[in-house]
Protein chains: 2
Amino acid sequence: MKDRKTVILEAAARVIACRGVRGLRVEEVAAEARVSKALVYYHFKDRAGLLRRTLRFVGDRAERYTRGGGPGDAAPRGPGPGDLAPGARVPGDPLRELERRLLLEFQDLPEVRENSTAWGELRASAVFEPELREELARAGREWVREIADLLGPVGPAVPDAALVSAAERLTVLVEGLSTRWLVGLLPAGHAAELLRGAVAAEAEGLRRAAVRTACPAA
Amino acid sequence: MKDRKTVILEAAARVIACRGVRGLRVEEVAAEARVSKALVYYHFKDRAGLLRRTLRFVGDRAERYTRGGGPGDAAPRGPGPGDLAPGARVPGDPLRELERRLLLEFQDLPEVRENSTAWGELRASAVFEPELREELARAGREWVREIADLLGPVGPAVPDAALVSAAERLTVLVEGLSTRWLVGLLPAGHAAELLRGAVAAEAEGLRRAAVRTACPAA
DNA sequence: GTCTATAAAGCGATAGAC
DNA sequence: GTCTATCGCTTTATAGAC
């Protein structure tokens with residue numbers, strides 16, 4: 001049972017996806033949600049409030065499709081092999097699992113495009129609006145932590161700092177590729193290929209680091 | 001002898017650096033340049049014209065500090081070893097030269113910040129404004145080509161496609177790191193460290209690719 | 001909670017004098 | 001080329017009825 005407030009948030013997400021944060025007009029959101037302008041102000045106080053809540057709303061959705069899981073999710077049906085038992089972590093190559101996870105950002109689904117666009121806008125806007133930075137930083141840390149954990153199994157005894165550095169590079173790269181993909185400068189297939197190359201390069205680097213840690217003499 | 005037109009362009013670059021492309025107000029540019037609003041319209045026709053010319057102006061400046069060169073330049077005094085004879089290409093390790101080149105984007109100079117900010121805005125805006133894409137694509141291709149050429153010397157007989165892929169990843173990474181740096185989420189030192197790690201990982205990957213090309217049996 | 005109507009402000013753009 | 005003054009549209013935000 002969707003209340004009007006949620007309807008407005010979904011509408012705002014769609015508007016941001018095609019006009020950008022700074023192109024968002026309260027009136028257009030109201031029209032998209034089929035409510036009056038005044039109702040938007042009633043629920044969200046002002047334009048800035050609407051923006052804040054929409055960004056959080058979008059962030060919550062991203063967690064849903066990102067960690068495959070709960071019922072009712074938009075099934076993250078990656079480009080990989082066939083389906084998996086629900087909830088089962090992919091057993092095979094941990095690198096493949098990591099790739100699959102990162103490639104979710106390039107699914108051509110409306111929800112994914114909306115989320116990627118909104119996050120791109122958030123990043124870009126944060127350069128000029130300091131109050132957006134904390135949320136951005138928090139989301140970034142979680143995202144890096146998740147990827148670092150997925151990187152762990154590539155080899156035994158890799159120092160955590162190295163995992164985090166590699167994860168930081170990979171997440172930054174995914175963000176950049178995502179922007180280019182959204183702009184239309186980079187087909188999803190090419191983005192995927194570049195990403196796989198980076199994953200391979202980072203994994204190789206980590207294995208070498210592990211060797212140096214294990215036997216510093218080498 | 002700066003004419004008013006140039007003064008206005010410089011003012012516009014500063015305004016973009018602290019308000020963003022989409023936060024730019026013609027009136028603020030006029031005030032920053034200490035001229036009347038009408039004069040801005042006289043020289044640039046309308047807001048869009050001002051934006052176009054400012055972006056080109058900023059792009060030209062970037063080439064100046066990026067390829068070290070002509071007289072009167074802001075000397076690109078990197079964090080590396082001491083000065084070099086003017087015009088001399090660094091002779092030593094080609095990887096160091098590449099790193100130096102990429103690290104120029106993190107110099108804490110007003111001009112560099114302004115340029116990075118403006119390009120970040122251009123990228124972000126292009127998601128919603130298709131007419132910006134061509135210039136973005138052209139600049140991107142040149143930048144990738146330059147980095148690919150710098151990557152060439154890491155090993156003999158590396159296929160060009162591999163160089164281009166690595167260069168694409170590195171440029172995307174630099175853009176992403178630059179954004180985080182501008183936002184204040186990432187100190188320049190940490191950005192430099194991550195970048196060095198990526199350069200090392202990519203170089204190692206290229207060397208392995210070269211080996212596979214040379215003796216496919218391996 | 002939701003609407004219609006309207007106030008108030010912001011901002012791009014132009015007219016016309018010098 | 002440069003200024004002052006102003007027009008007119010767009011957009012945010014509020015008042016007040018239901």
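Each chain gets a letter, A, B and so on, in the order its sequence line appears, and its residues count up from 1.
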| said: Output the rounded distance in Å from NZ (B:Lys5) to P (D:dT2). | reply: 11 Å
| message | With a 4.0 Å limit, can you tell me whether B:Arg4 has a side-chain N or O closer than that to the phosphate oxygens OP1/OP2 of D:dG1? | response | no
| note | Assign each of B:Leu39 and A:Val26 the nucleotide of DNA chain D bearing its closest heavy atom; nearer the 5' end lies the nucleotide of B:Leu39
| said: For a quick test of reading the model: is some side-chain N or O of A:Tyr42 closer than 4.0 Å to OP1 or OP2 of C:dT2? | reply: no
| note | note: B:Arg34, atom CZ; D:dG1, atom C1'; distance rounded to Å ~ 20 Å
| Under the criterion salt bridge (charged side-chain N to carboxylate O under 4.0 Å, His left out), which of B:Arg180, B:Arg123, B:Arg169 is the partner of B:Glu175? | B:Arg123
| Whole Å only: how far is the NE2 atom of B:His43 from the P atom of C:dG12? | 18 Å
| task | Rounded off to whole Å, could you give me the CD1-to-C1' distance for the A:Ile8 and C:dT2 pair? | result | 10 Å
| query | The side chain of A:Ala38 lies closest to which of these nucleotides: D:dA15, D:dT12, C:dG12? | reply | D:dA15
| request: Check step by step if salt bridge (charged side-chain N to carboxylate O under 4.0 Å, His left out) holds for A:Arg56 and A:Glu135. | output: CA-CA 9 Å; A:Arg56 193 189 311 167; A:Glu135 185 178 359; 5.5 Å; no
| query | Is it true that the NZ or CZ of A:Arg138 lies under 6.0 Å from the centre of A:Trp143's six-membered ring and within 45 degrees of the ring axis? | reply | no
| Rounded to the nearest Å, what distance is computed from the CZ atom of residue B:Phe44 to the P atom of nucleotide D:dG1? | 12 Å
| Whole-Å distance between C:dG12 P and B:Leu51 CG? | 10 Å
| query | For A:Val183, does its backbone N or O pair with a side-chain atom of B:Arg133 as donor and acceptor, under 3.5 Å? | reply | yes
| Start at the 5' end of DNA chain C and walk down; is the nucleotide closest to A:Lys37 or to B:Asp46 reached first? | A:Lys37
| Nucleotide C:dA13, atom P - distance to CG of B:Leu50 in whole Å | 10 Å
| said: Just the rounded figure in Å: distance from P of C:dC11 to CZ of B:Arg47. | reply: 10 Å
